[in-house]
Amino acid sequence: MSKSSVRTRFAPSPTGYLHIGGARTALFAWLFAKSYEGDCLLRIEDTDKERSKEEYTEEIIRSFEWLGIEFDEEVVYQSKNAIRYKEVIDSLLEEGLAYVCSGEDLQEDKKFRDENLARDENTVVRFKMPEKGTTKFDDLVKGQIEVLNDELEDFIIERSDGSATYNFCVVVDDIDSEISHIIRGDDHVNNTFKQINVFKALKVEPPTYGHVPLILGEDGKRMSKRHGAVGVSEYRDMGILPQAFMNYLARLGWSLGDQEIFTPDELVKNFRSGNLNTAPASFSLDKLTWYNKEYLNAMEFTDLVDLIPSEHIKNDEYSKKVIELIRERCNSLNDFSTESQYFYNKPEAFKEEDKIKAIKENTLNLLNLLSERLSNLTEWKSDSIQEEIKAFVDDQEIGFAKIGIPLRLCLTGSLNSPSTDKVCELLGKEEVIGRIEFAIKSF
RNA sequence: GGCCCGUUCGUCUAGUGGUUAGGACAUCUGGUUUUCAUCCAGGCAACAGGAGUUCGAUUCUCCUACGGGCUACCA
């Protein structure tokens, strides 16, 4: 095939937010096109007037913007093509490749296959399926798929209200958009047989198909909007990085040897539909989280700072130091908020279980003594703070943990945090002394 | 029910007519860390089942089981 002729499309119906399965299918369609330096279009299939909503369309477009998938050309709206569909149906009728009938019962309807009835508000138009032979195609991921035409039925292409139905619109749009390869979900395999026959009736060579297996939820059940699937925007709101999300999605059903981390460029460069898996894959939040952490850690510090939402953490010098200190403990952008709490707010209350673990018989006394020594410390740097605490520990002939653990609790309100000396340095002497004193009173 | 698709560690997957069936996530065990996180080292763990083809099948074929999809005047 010539490189520039590859054109794919992603065609969601705006009846819900973009879900993870759709995003992955779109990603594959996009990667496929881009790997051949072709184009990938976005088509909104909004012919279902009842369920389609404009807000969903907007949400879908926003999700792709976030993900970093850019579609080529103008977005196509099926709802705007009604006249075109009608024209094509007219021509099909004229050529005797479709027929008018009541639409109530297929067997009854079939009697009118060659009748040429007049259309009115009580009739529908059915497509004349070939009755003999087979319909087959060579799928990019599944190989050859074939079905007896006998299994296919004369499906309705025009409703009684005059509007065209999905399996028909899709074909007309794919022809009009000159789509060369259709990369879509597995759930369309059976539609493909119908659509191929429409292509033939329209005397257009059908495109090449590639059916990607669907994503299953962690429970192994299908992930779909109807079954409580998760929208792409929710992952954005969780503080997942788009690059990590794209990387994870790509690896869910596609692989290149043992490589796990791919930049978008590498994905485009290396994507081959032949490397797509034929079996459905289960979504794993654990692995997504791992990817996110990898990207978070690999990111340039300045870029990271810019990405952390300001409602979580401010963009000033103090906050930069905080971010530096806690970044390796964060799995998502949002974690920066929870992990940095105590750098902005004094711990007000302590958990009973933490107190039991940290506060022993002599602890309060030790805390008082340490507080005094720290307040006399002249150089307030993590190194000197650590030295001072070590000296204190030696003097008292106790283990580091005897004072380290309670100190951590006083300063952070938690038993887990970065090393206490670094926390001390950042918090500043006054604050440290204050927190120790406050904590002693509340223990 | 009919038709279509699928089945390698718990999960994502690599791979081959002869391999100690590889990697990653998760998990477990050590080491580092005063804690947690990180990091390092190591461990556990898979070819759904049955026939057939073959000197030899995880790999090829068929059957069964299981899973998924479609079967709308939804897309």
Side-chain angles (χ1 to χ4, degrees), chain A residues 11-16 44-52 78 101-104 122-126 139 141-143 145-148 150-153 155-167 169-170 184-194 211 213-216 218 220-222 224 248 251-261 275 277-291 293-294 297 325-331 335 339 357-358 386 389-390 393 398-409 412 414-421:
Chain A
S13 58
T15 54
I44 301 296
E45 308 212 321
D46 51 356
T47 52
D48 183 346
K49 295 171 196 118
E50 299 289 303
R51 299 193 302 142
S52 297
Q78 265 185 345
C101 55
S102 77
E104 272 162 31
N122 293 317
T123 61
V124 301
V125 177
R126 281 190 192 271
D139 193 271
V141 348
K142 293 173 188 289
I145 305 176
E146 182 174 3
V147 75
L148 258 19
D150 194 40
E151 299 287 341
L152 273 18
E153 49 188 53
F155 66 101
I156 293 174
I157 57 177
E158 185 183 276
R159 303 183 183 92
S160 45
D161 68 1
S163 63
T165 61
Y166 168 76
N167 279 117
C169 298
V170 167
R184 49 159 45 154
D186 213 340
D187 49 340
H188 286 290
V189 171
N190 286 282
N191 291 331
T192 305
F193 301 120
K194 297 179 192 169
H211 288 95
L214 301 173
I215 294 186
L216 270 22
E218 309 223 32
K221 299 286 177 203
R222 180 184 174 180
S224 84
Y248 174 67
R251 279 288 287 104
L252 201 56
W254 176 86
S255 63
L256 185 71
D258 286 339
Q259 190 172 345
E260 300 284 347
I261 305 285
N275 290 343
N277 208 157
T278 50
S282 285
F283 177 82
S284 162
L285 186 57
D286 277 340
K287 190 132 189 194
L288 208 212
T289 303
W290 174 78
Y291 270 109
K293 193 166 188 133
E294 288 290 310
N297 286 148
L325 194 55
I326 63 173
R327 87 181 275 187
E328 69 181 14
R329 8 181 13 98
C330 293
N331 290 327
D335 281 354
E339 288 288 330
K357 273 186 205 157
Q386 195 188 26
I389 298 176
K390 275 188 175 152
V393 161
I398 54 172
F400 197 110
K402 274 266 191 303
I403 192 66
I405 294 174
L407 176 61
R408 169 169 291 115
L409 184 61
T412 70
S414 155
L415 258 26
N416 306 320
S417 82
S419 53
T420 47
D421 49 351

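We name chains A, B, ... by the order of the sequence lines, and we start the count at 1 in each one.
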OP1 or OP2 of [N] less than 4.0 angstrom from a side-chain nitrogen or oxygen of [X], does that happen here?
{"X": "Ser255(A)", "N": "rA14(B)", "answer": "yes"}
{"X": "Thr192(A)", "N": "rC4(B)", "answer": "no"}
{"X": "Asn277(A)", "N": "rU13(B)", "answer": "yes"}
{"X": "Thr278(A)", "N": "rG6(B)", "answer": "no"}

Return yes if the base of [N] and the side-chain atoms of [X] contain a donor-acceptor N/O pair under 3.5 Å, otherwise no.
{"X": "Lys287(A)", "N": "rA26(B)", "value": "no"}
{"X": "Thr420(A)", "N": "rU34(B)", "value": "yes"}
{"X": "Asp46(A)", "N": "rA75(B)", "value": "no"}
{"X": "Glu260(A)", "N": "rG23(B)", "value": "yes"}
{"X": "Ser160(A)", "N": "rC73(B)", "value": "yes"}
{"X": "Asp186(A)", "N": "rG69(B)", "value": "no"}

Could you state the [atom1]-[atom2] distance from [X] to [N], rounded to the nearest angstrom?
{"X": "Asn167(A)", "N": "rA72(B)", "atom1": "CG", "atom2": "C1'", "value": "11 Å"}
{"X": "Ile403(A)", "N": "rU35(B)", "atom1": "CD1", "atom2": "C1'", "value": "14 Å"}
{"X": "Ile405(A)", "N": "rU35(B)", "atom1": "CD1", "atom2": "P", "value": "8 Å"}
{"X": "Asp258(A)", "N": "rU13(B)", "atom1": "CG", "atom2": "P", "value": "14 Å"}
{"X": "Ile261(A)", "N": "rG23(B)", "atom1": "CD1", "atom2": "P", "value": "17 Å"}
{"X": "His211(A)", "N": "rC70(B)", "atom1": "NE2", "atom2": "P", "value": "12 Å"}
{"X": "Trp290(A)", "N": "rU13(B)", "atom1": "CH2", "atom2": "C1'", "value": "13 Å"}

Counting only Watson-Crick pairs (N1-N3 plus N6-O4 or O6-N4) and G-U wobbles (N1-O2, O6-N3), all under 3.5 Å, who is the partner of [N]?
{"N": "rA41(B)", "value": "rU29(B)"}
{"N": "rA75(B)", "value": "none"}
{"N": "rU19(B)", "value": "none"}
{"N": "rC3(B)", "value": "rG69(B)"}
{"N": "rU11(B)", "value": "rA24(B)"}

Problem - Student check: side-chain heavy atoms of Ile145(A) and Phe193(A) closer than 4.5 Å - result: yes
So what does [X] hit on the nucleic acid, given a heavy-atom distance under 4.0 Å: a base, only sugar-phosphate, or nothing?
{"X": "Leu415(A)", "answer": "base"}
{"X": "Ser419(A)", "answer": "base"}
{"X": "Glu151(A)", "answer": "sugar-phosphate"}
{"X": "Val124(A)", "answer": "base"}
{"X": "Glu339(A)", "answer": "nothing"}

Practice task
Considering only atom C1', compute the distance from rA46(B) to rU27(B) and round it to an integer number of Å.
Solution key: 16 Å
Exercise for the section: For side-chain hydrogen bond (donor to acceptor under 3.5 Å, both in side chains), just list the numbers for Ser13(A) and Arg51(A), CA-CA rounded to whole Å, side-chain angles, deciding distance to a tenth of an Å, and then say yes or no. Expected result: CA-CA 9 Å; Ser13(A) 58; Arg51(A) 299 193 302 142; 5.5 Å; no
Practice task
Carefully, step by step, assess Ser419(A) and Asp421(A) under the rule side-chain hydrogen bond (donor to acceptor under 3.5 Å, both in side chains).
Solution key: CA-CA 6 Å; Ser419(A) 53; Asp421(A) 49 351; 3.0 Å; yes
Exercise for the section: Calculate, to the nearest 0.5 Å, the distance between atoms OG1 and CZ belonging to Thr165(A) and Phe155(A) respectively. Expected result: 6.0 Å
Exercise for the section: Name the closest nucleotide to the Glu45(A) side chain, picking from rG69(B), rA75(B), rU38(B). Expected result: rA75(B)
Exercise for the section: Measure from the side-chain heavy atoms of Ala401(A) and tell me the nearest of rA75(B), rU13(B), rU34(B). Expected result: rU34(B)
